[in-house]
Amino acid sequence: MGVTTETRADPAATAAAPADIAVKISGLYKWFGEFQVLADVDLEVARGERIVICGPSGSGKSTLIRCINALEPFQRGSIVVDGVSVTDDLKRIDEVRREVGMVFQQFNLFPHLTVLQNCTLAPIHVRKMPRKEAEEIAMRYLARVRIPEQAGKYPAQLSGGQQQRVAIARALCMSPKIMMFDEPTSALDPEMVKEVLDTMVELAQTGMTMLCVTHEMGFARQVADRVVFMDAGQIVEVNTPEAFFTSPQHERTKLFLGQIL
Ligand code: ADP
Ligand code: MG
């Protein structure tokens, strides 16, 4: 009996099964020079979970998600993505980035490549996929984001909403296990916000693990399993959307919601 109990209490044995955890951030600290941008951040994202991260400008949201796919180094703590530790080891970093798709506020499409070429570049050159197969997969995802007819155009010929949907399709072409979005609708004209959010909602319905930095509270209510509120480099509050919006616990959360709702 005693032995069994002890075995169960062994931290190694009771650690969450990596298979169920997409991202585990523990005791994360980051500084830009003297400036502390992240302080003791802990966050565990289950596979298939949809997380919305919100908080005031400058609170560290972008920095946090950029640490997850090693676009930013960090000084203390640990991040494990799909069982792979994010370290300075470049091989590991490549492994992590292959699992994580990222969509930015400014689309970041390659302007000199067509929509189709934007989508096939990484599969062909990083995944070493034959061109024909990469193009078939790209067309499938362009159809899923409802712009297959734009495949031969250049980014500048598309609206902002269309460009952002290309960016989403491009990320999906690498078959990521996790998709991260950093304010994907903030640079869009208002009439284009919905088409991008609809695409993200549809993606959520496929069971994709998603981390979305966004202030689109309708989206948060519709798809988020949990809302993470950050302020001054810390996670201040984590809650279900319902509880987050109707009964925020912290003064800083209340203040923030008062400003955006
Ligand atoms: P958010 O995405 O929540 O608006 P950021 O993560 O972009 O916040 O930035 C958090 C803080 O870190 C801000 O004060 C910002 O000015 C600072 N910061 C961001 N990037 C850098 C950088 N490369 N060098 C120095 N400070 C930075
Ligand atoms: Mg940001």
Side-chain angles (χ1 to χ4, degrees), residues 23-43 45 50-79 81 86-88 93 96-97 100-109 160-161 163-164 167-168 171 176 178-190 192-193 196-197 200 209-220 223-224 226-239 241 244-245 248-261:
V23 180
K24 187 176 170 71
I25 301 170
S26 314
L28 185 71
Y29 286 77
K30 177 175 174 62
W31 288 263
F32 283 117
E34 300 280 288
F35 177 72
Q36 185 171 43
V37 58
L38 295 174
D40 200 16
V41 172
D42 291 303
L43 183 65
V45 183
R50 278 77 50 117
I51 303 269
V52 160
I53 303 172
C54 63
S57 180
S59 57
K61 308 179 296 296
S62 295
T63 304
L64 176 63
I65 66 167
R66 290 169 62 84
C67 285
I68 295 174
N69 65 351
L71 291 175
E72 291 284 355
F74 52 88
Q75 286 81 32
R76 261 175 71 186
S78 70
I79 302 179
V81 178
V86 180
T87 64
D88 295 338
I93 288 179
V96 167
R97 287 198 186 138
V100 182
M102 179 101 171
V103 174
F104 302 88
Q105 186 174 339
Q106 298 296 344
F107 326 140
N108 293 6
L109 297 175
Q163 289 187 54
Q164 194 58 300
I168 294 170
I178 300 158
M179 282 284 284
M180 301 202 296
F181 296 82
D182 193 357
E183 303 207 35
T185 59
S186 301
L188 297 176
D189 290 334
M192 291 168 191
V193 169
V196 170
L197 291 178
M200 292 169 64
T209 306
M210 293 166 73
L211 269 94
C212 310
V213 176
T214 181
H215 292 161
E216 292 292 339
M217 293 300 141
F219 174 79
V223 309
R226 290 186 293 160
V227 178
V228 170
F229 174 70
M230 288 185 72
D231 193 18
Q234 292 183 303
I235 292 181
V236 174
E237 184 161 348
V238 182
N239 225 325
F244 183 79
F245 292 114
Q249 299 299 302
H250 291 261
E251 282 311 313
R252 289 192 275 179
T253 318
K254 289 176 194 168
L255 186 67
F256 174 75
L257 288 173
Q259 285 161 351
I260 65 155
L261 291 181

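Note that ligands are numbered from 1 as they come in the structure, with each ligand's atoms numbered from 1 the same way.
Between His215 and Phe256, the ring-plane angle classifies as perpendicular under the 30° and 60° cut-offs.
For atom 3 (O) of ligand 1, the closest non-hydrogen atom of the protein is Lys61 NZ, 2.7 Å. Remark: minimum distance from atom 4 (O) of ligand 1 to any protein heavy atom is reached at Gly58 N, 2.7 Å. The closest protein non-hydrogen atom to atom 15 (C) of ligand 1 is Phe35 CE2, 4.8 Å. The nearest protein atom to atom 23 (N) of ligand 1, hydrogens excluded, is given as Phe32 CE2, 3.5 Å; this is a heavy-atom distance.
The shortest side-chain heavy-atom distance between Asp42 and Ile235 does not fall under the 4.5 Å cut-off. Residues Thr185 and Glu216 meet the side-chain proximity criterion, which asks for heavy atoms closer than 4.5 Å. Side-chain contact between Glu183 and Lys61 is present, with heavy atoms from C-beta onward closer than 4.5 Å. Side-chain atoms of Leu257 and Phe229, non-hydrogen and from C-beta on, never get closer than 4.5 Å to each other. Taking 4.5 Å as the limit, every side-chain heavy atom of Val81 sits out of range of all side-chain heavy atoms of Asn69. Using a 4.5 Å heavy-atom threshold, the side chains of Leu28 and Leu43 count as separate. Residues Met102 and Arg97 are not in side-chain contact: their nearest non-hydrogen atoms beyond the backbone lie 4.5 Å or more apart.
Residue contacts with ligand 1 do not include Gly55, since none of its heavy atoms lies under 4.0 Å from the ligand. Ligand 1 lies nowhere less than 4.0 angstrom from a heavy atom belonging to Gly233.
Residue-to-ligand polar distances place Ser59 within reach of ligand 1: an N/O pair is separated by less than 3.5 Å. For the pair Val37 and ligand 1, the shortest N or O to N or O distance does not fall below 3.5 Å.
Taking backbone and side-chain atoms together, Ser57 has no N/O/S atom less than 2.8 Å away from the Mg ion (ligand 2).
Distance screen at 4.0 Å: atom 11 (C) of ligand 1 has a protein heavy-atom neighbour inside the cut-off. For atom 7 (O) of ligand 1, the nearest protein heavy atom is under 4.0 Å away.
Summarising the geometry, atom CD belonging to Gln164 is positioned 9.0 Å from atom CD belonging to Gln105; distances are rounded to the nearest 0.5 Å.
With distances taken over non-hydrogen atoms, the option nearest atom 9 (O) of ligand 1 out of Leu38, Asp182, Asp231, Thr63 is Thr63.
Residue Pro56 approaches ligand 1 through these ligand atoms, each under 4.0 Å from one of its heavy atoms: 3 (O).
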